[in-house]
Amino acid sequence: MACIAFYPGSFDPLTFGHLDIIERAARLADTLVIGVGRHHDKRGTFTVEERVAMLEIEVAGLNQQDGIDIRVVTFDNLAVAAARQNEADVIIRGLRDAGDFDYEMQMAGMNAGLDQDIETVFLAASPKVRHIAASLVRQIAAMGGDVTPFVPQHVSERLRAKQD
Ligand code: ADP
């Protein structure tokens with residue numbers, strides 16, 4: 001049976017940490033659906049449309065590679081409900097540290113309570129990107145710092161344009 005994986009997140013903005021998870025998850029699953037959360041109570045630096053556009057640029061490159069099939073969607077409901085709508089078998093989440101672990105374990109437990117058929121699969125952050133957090137990238141950019149070690153070039157350009 002073909003495996004469809006759903007990777008939900010804020011992606012505000014897309015970082016090399018997210019990209020590492022995307023590349024690895026796309027090799028594990030037959031299809032990877034990236035879900036950009038549209039949450040009304042959470043106003044971000046980038047609009048959902050801008051976040052999707054940044055993801056689409058990277059996904060276009062990855063989809064050229066053999067055996068990789070990635071789509072980007074938005075969702076405004078529960079991640080587990082969005083996973084089901086996209087016919088996913090698993091939800092992918094990245095684990096960086098103990099903070100992620102505690103939060104993600106709780107989320108995985110709640111999601112399993114909501115839908116027993118969908119498994120949460122955790123990918124351990126790769127050492128080279130483990131320190132990267134979108135929230136810190138936003139803070140560094142807001143203070144005029146260089147974020148090019150943490151995000152693709154087109155993302156850092158968009159961040160710089162936001163500060164002007
Ligand atoms: P959320 O608001 O849902 O936490 P994020 O966009 O911050 O959304 O993160 C989405 C997912 O990507 C989460 O599972 C998070 O742990 C994972 N992630 C973020 N940064 C990294 C990183 N540097 N390495 C591995 N996983 C990461």
Side-chain angles (χ1 to χ4, degrees), residues 4-29 31-59 62 70-86 88-112 114-115 118-142 145-156 158-159 162:
I4 302 177
F6 184 68
Y7 177 36
S10 307
F11 305 103
D12 186 30
L14 172 68
T15 69
F16 287 137
H18 296 131
L19 275 176
D20 182 71
I21 297 289
I22 290 168
E23 289 186 42
R24 290 162 59 206
R27 287 178 204 289
L28 289 175
T31 299
L32 176 66
V33 182
I34 303 170
V36 181
R38 190 187 283 281
H39 295 120
H40 304 292
D41 56 333
K42 224 168 144 185
R43 267 205 71 219
T45 298
F46 289 99
T47 65
V48 168
E49 287 67 31
E50 288 172 319
R51 296 179 213 176
V52 168
M54 289 184 271
L55 277 159
E56 295 277 18
I57 289 172
E58 298 298 325
V59 164
L62 291 170
I70 311 175
R71 283 190 284 130
V72 185
V73 300
T74 64
F75 69 101
D76 59 8
N77 48 354
L78 292 171
V80 74
R84 187 168 269 281
Q85 270 167 8
N86 285 282
D89 310 284
V90 297
I91 291 177
I92 301 282
R93 297 289 289 175
L95 282 185
R96 283 166 291 192
D97 53 22
D100 275 354
F101 180 82
D102 287 342
Y103 175 72
E104 296 291 346
M105 282 298 285
Q106 195 174 12
M107 282 300 291
M110 298 294 273
N111 284 339
L114 291 167
D115 191 330
I118 300 179
E119 282 290 343
T120 300
V121 173
F122 297 118
L123 296 185
S126 298
K128 63 181 190 299
V129 294
R130 187 183 156 180
H131 53 283
I132 302 176
S135 56
L136 292 177
V137 167
R138 292 197 298 272
Q139 284 178 35
I140 293 167
D146 176 18
V147 294
T148 53
F150 315 122
V151 298
Q153 184 72 35
H154 60 97
V155 175
S156 69
R158 280 177 189 255
L159 274 165
K162 289 266 176 203

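Just so you know, ligand 1 is whichever comes first in the structure, and atom 1 is the first atom listed for that ligand.
Remark: R51 does not engage E56 in a salt bridge, criterion side-chain N to carboxylate O under 4.0 Å.
Contact between N77 and H39 at its shortest, heavy atoms only, is O-NE2, 4.1 Å.
When heavy-atom distances to ligand 1 are checked against a 4.0 Å cut-off, F16 has no atom that comes that close, whether in backbone or side chain. Counting heavy atoms under 4.0 Å from ligand 1, residue E104 touches it through the side chain alone.
When only non-hydrogen protein atoms are considered, atom 4 (O) of ligand 1 lies nearest to R93 NH2, 3.5 Å. For atom 8 (O) of ligand 1, the closest non-hydrogen atom on the protein side is S10 N, 3.1 Å. Protein heavy atom at the shortest distance from atom 12 (O) of ligand 1 is Y7 OH, 2.6 Å. Protein heavy atom nearest atom 7 (O) of ligand 1, with residue, atom name and distance: H18 NE2, 4.1 Å. The nearest heavy-atom contact from the protein to atom 16 (O) of ligand 1 is G94 O, 2.7 Å.
Near I21, meaning under 4.0 Å from one of its heavy atoms, ligand 1 places the atoms 25 (C), 26 (N). The distance from ligand 1 to the heavy atoms of V129 drops below 4.0 Å at these ligand atoms: 22 (C), 23 (N).
Side-chain contact between R38 and E49 is present, with heavy atoms from C-beta onward closer than 4.5 Å. In this structure the side chain of F150 reaches within 4.5 angstrom of the side chain of I140, judged on heavy atoms. Looking at R24 and I21, their side chains come closer than 4.5 Å, going by heavy atoms from C-beta outward.
The number of heavy-atom neighbours closer than 6.0 Å to CD of Q106, taken from other residues, nucleotides and ligands shown, is 12 or below. No more than 12 heavy atoms of other residues, nucleotides or ligands lie within 6.0 Å of CD in E119, so this atom counts as exposed by the packing criterion.
Checked against a 3.5 angstrom limit, the closest N/O atoms of F11 and ligand 1 fall inside it. For ligand 1, one of its N or O atoms has an N or O atom of R96 under 3.5 Å away. In terms of polar-atom proximity, A125 is not counted as a contact of ligand 1, lacking any N or O under 3.5 Å from an N or O of the ligand.
The ring of F6 has its center closer than 6.0 angstrom to the ring center of F75.
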